[in-house]
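Here the structure is laid out as structure tokens; the discussion comes afterwards.
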Amino acid sequence: MFITFEGIEGSGKSTAMRAVAETLQQRGHGVLLTREPGGSELGGVLRRILLDVATTDLAPEAELFLYLADRAQHVRQVIRPALAEDIVVLCDRYADSTVVYQGYGRSLDRTLLHQCNHMAVGGLWPDCTLLLDLEPHVGLTRALARNVAQAQAAREGRFEAESLDFHRRIREGYLTLAALHRERFRIIDASQPLERVVADCLTVVESLLSPQ
Ligand code: TYD
């Protein structure tokens, strides 16, 4: 079972994912928690380049191919082998992030992005995508507070530094994708307290793992 988590910065994806993984493990499932960019060894190098604020003049096309390279390697080296062993794979961001950030955010052609994604993932699409949906100004305030708390604002912040308008386009992009792919997307209200967000995610995941 392959489940991806998507959402704007500060939507609480990573925290919710960890809580979901813990619960699934307690219930006896083998779980792999992974993320993009940075889910493979090569990905670790690419992540540093991609999220470094000093790389702000990265051309949108160059940025795109780095995300795709990260994904191509991640799918083949990490995700597919885990799925072959019946492990539940929970991935923090995946191909939808590219359509939304590089398409709705950077204005690259979305049809082309879909084709590039399809090639990068070798046809591997998630069984389910949980979209943690939130007002961008709430998410950005949270992300900023987290960066300051972790003293990483100088290291990771290229997208946090974008305008509120950019993040509004990202949210709209996600909601549009969710409407286009209803069979795969589930929208979670990420403005709720974390326990509620986690409970909602678990309800979806458990219904997938043990369908009635
Ligand atoms: P990360 O620190 O993982 O942020 P978050 O906690 O919000 O997931 O940074 C990942 C950043 O990379 C995020 O701003 C979105 C961006 N991104 C893209 O632009 N395209 C992509 O294909 C992916 C996977 C991420």
Side-chain angles (χ1 to χ4, degrees), residues 2 4-18 33-40 42-53 55-56 58-75 78-79 89-110 112-121 124-126 129-134 136 138-164 166-171 173-174 177 188 190 194 197:
F2 180 29
T4 58
F5 287 68
E6 296 281 354
I8 60 165
E9 336 287 300
S11 56
K13 286 179 283 95
S14 318
T15 316
M17 258 182 81
R18 280 195 297 275
L33 263 182
T34 187
R35 69 171 176 184
E36 291 192 358
S40 67
L42 169 70
V45 178
L46 296 176
R47 182 180 175 90
R48 278 196 292 283
I49 299 172
L50 279 163
L51 301 188
D52 192 335
V53 276
T55 329
T56 37
L58 199 57
E61 293 77 4
E63 179 184 73
L64 166 67
F65 287 114
L66 292 176
Y67 280 115
L68 292 173
D70 170 74
R71 180 160 310 127
Q73 188 69 13
H74 189 208
V75 164
V78 178
I79 301 177
V89 177
L90 305 181
C91 187
D92 191 344
R93 297 194 180 282
Y94 191 62
D96 298 309
S97 278
T98 298
V99 176
V100 169
Y101 281 81
Q102 278 62 57
Y104 290 86
R106 302 284 196 229
S107 304
L108 295 181
D109 183 90
R110 295 198 288 274
L112 193 59
L113 289 176
H114 179 74
Q115 290 166 350
C116 289
N117 258 334
H118 202 69
M119 183 180 85
V121 302
L124 180 70
W125 291 92
T129 298
L130 295 171
L131 170 58
L132 272 63
D133 180 53
L134 185 67
V138 181
L140 280 179
T141 310
R142 282 191 197 166
L144 204 66
R146 175 194 62 194
N147 278 358
V148 170
Q150 297 175 357
Q152 62 177 189
R155 230 170 15 90
E156 293 194 359
R158 250 158 34 81
F159 282 94
E160 274 96 338
E162 290 287 347
S163 66
L164 192 57
F166 177 92
H167 292 281
R168 288 210 176 99
R169 293 207 302 279
I170 300 298
R171 185 195 192 195
Y174 271 130
L177 274 191
I188 306 287
L194 183 66
V197 174

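Counting convention: from 1, in listed order, for ligands and their atoms alike. Just so it is clear, the model here is predicted, and its values are computed rather than measured.
Nearest-residue assignment for atom 10 (C) of ligand 1 (options R106, R93, E6; heavy-atom criterion): R93.
For the residue pair S97 / E6, a side-chain donor-acceptor distance below 3.5 Å is found, with atom types taken as modelled. For the 3.5 Å distance criterion, the side chains of Y94 and R35 fail to qualify, holding no donor opposite an acceptor.
Between R47 and ligand 1 there is a heavy-atom distance shorter than 4.0 Å.
Close contacts between ligand 1 and T98 involve ligand atoms 21 (C), 22 (O) [criterion: under 4.0 Å to a heavy atom]. Atoms of ligand 1 found under 4.0 Å from any heavy atom of K13 (numbered from 1 in listed order, with element): 5 (P), 6 (O), 7 (O), 8 (O). The contact set between ligand 1 and Q102, taken as ligand atoms under 4.0 Å from a residue heavy atom, comprises 18 (C), 19 (O), 20 (N), 21 (C), 22 (O). Against a heavy-atom cut-off of under 4.0 Å, E9 is close to the following atoms of ligand 1: 7 (O), 13 (C), 14 (O).
Partners of F65 by side chain to side chain contact (heavy atoms under 4.5 Å, CB included), not counting sequence neighbours, listed by chain and number: L68. Qualifying salt bridge (Lys or Arg N to Asp or Glu O under 4.0 Å) partners for D70, counting only residues two or more places apart in sequence or in other chains: none.
In this structure, E9 pairs ionically with R93, as a charged nitrogen and a carboxylate oxygen lie closer than 4.0 Å.
Looking at E63 against ligand 1, nothing comes within 4.0 Å, counting heavy atoms.
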